[in-house]
Asks: 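Here it is, the structure in full.
Proteins come first, then strands; the chains are lettered A, B, ... in the order of their sequence lines, and each starts at number 1. Note that this is a predicted model, so its numbers are computed, not measured.
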Amino acid sequence: AQRVTQPEKLLSVFKGAPVELKCNYSYSGSPELFWYVQYSRQRLQLLLRHISRESIKGFTADLNKGETSFHLKKPFAQEEDSAMYYCALKRKGGKLIFGQGTELSVKP
Amino acid sequence: DTAVSQTPKYLVTQMGNDKSIKCEQNLGHDTMYWYKQDSKKFLKIMFSYNNKELIINETVPNRFSPKSPDKAHLNLHINSLELGDSAVYFCASSQDLETVRSGYTFGSGTRLTVV
């Protein structure tokens with residue numbers, strides 16, 4: 001079954017600390033993976049996609065096919081990073097399957 | 001200039017009522033979606049339309065009926081509202097079914113509260 005798992009519902013770190021939001025997936029084909037961010041009561045915004053291997057707002061994510069993971073990392077968290085983060089897998093036919101979401105709280 | 005716009009932003013209504021949420025995108029995308037975000041922030045797809053044609057219809061009660069008059073619009077009509085329908089409903093669009101490399105563009109959501 002195609003599935004996206006984010007094991008942490010809440011992740012709390014202090015400002016300046018490294019942060020890693022975990023994402024594991026289950027997919028039989030070549031996955032297309034994304035990270036979305038939702039700031040408080042706002043729309044979801046695309047943060048990263050694995051095919052572009054980009055760094056946005058200091059965040060990076062590497063696809064590890066061996067471990068079927070796509071963890072989101074940032075070396076130094078900022079208070080404005082506090083938000084809900086969703087990992088998503090694109091299925092054939094355009095459907096995006098989202099993980100359960102991880103709430104990141106960055107404390108001063 | 002909003003790419004995907006939903007109306008209304010907030011909707012409070014009584015059980016048993018019928019209500020509609022409208023969604024419009026000005027991106028020229030072929031595919032539109034409805035997602036439901038529940039109280040635990042879990043996001044689940046409800047429907048997708050490609051060029052006005054229904055593509056995905058997840059296990060959603062038939063009280064929910066999407067309507068796509070043209071590819072720029074995907075409205076959601078809900079009959080006989082129940083307390084459990086309270087959630088935030090997000091509309092989204094993508095270029096087409098397969099070219100989702102730029103991801104979805106989401107609307108700002110409609111917070112539905114059924115009392």
Asks: Thinking salt bridges, do Glu20(A) and Lys22(A) make one under a 4.0 Å N-O criterion?
Replies: yes
Asks: Check step by step if side chain to side chain contact (heavy atoms under 4.5 Å, CB included) holds for Tyr104(B) and Tyr33(B).
Replies: CA-CA 9 Å; Tyr104(B) 290 3; Tyr33(B) 310 83; 3.1 Å; yes
Asks: Scan side-chain atoms only and decide if Gln6(B) and Thr110(B) contain a donor-acceptor pair under the 3.5 Å cut-off.
Replies: yes
Asks: Just do the side chain to side chain contact (heavy atoms under 4.5 Å, CB included) check on Lys107(A) and Val13(A) with the steps written out, would you?
Replies: CA-CA 6 Å; Lys107(A) 298 179 179 177; Val13(A) 301; over 6 Å; no
Asks: So if I take each residue of residues 73-88 of chain B and look for any heavy atom under 4.5 Å from a heavy atom in chain A, which residues do I end up with?
Replies: none
Asks: For Gln100(A), is it the side chain, the backbone, both, or neither that has a heavy atom closer than 4.5 Å to a heavy atom of chain B?
Replies: both
Asks: Aromatic ring centroids of Phe47(B) and Phe64(B) under 6.0 Å?
Replies: no
Asks: Applying side-chain hydrogen bond (donor to acceptor under 3.5 Å, both in side chains) to Thr102(A) and Glu8(A), what does each step give before you reach the verdict?
Replies: CA-CA 6 Å; Thr102(A) 298; Glu8(A) 301 138 330; 4.7 Å; no
Asks: Taking atom CG of Asn50(B) and atom OG1 of Thr31(B), what is their separation to the nearest 0.5 Å?
Replies: 3.5 Å
Asks: Using non-hydrogen atoms and a limit below 4.5 Å, what part of residues 71-86 of chain A faces chain B?
Replies: Met84(A), Tyr86(A)
Asks: For Ser48(B), which atoms come within 4.5 Å of any heavy atom of chain A: side chain, backbone, both, or neither?
Replies: neither
Asks: Please tell me whether Gln37(B) and Gln38(A) have a donor and an acceptor in their side chains that are separated by less than 3.5 angstrom.
Replies: yes
Asks: Say you draw a straight line from OG of Ser94(B) to CZ of Phe106(B); how long is it, rounded to the nearest 0.5 Å?
Replies: 10.0 Å
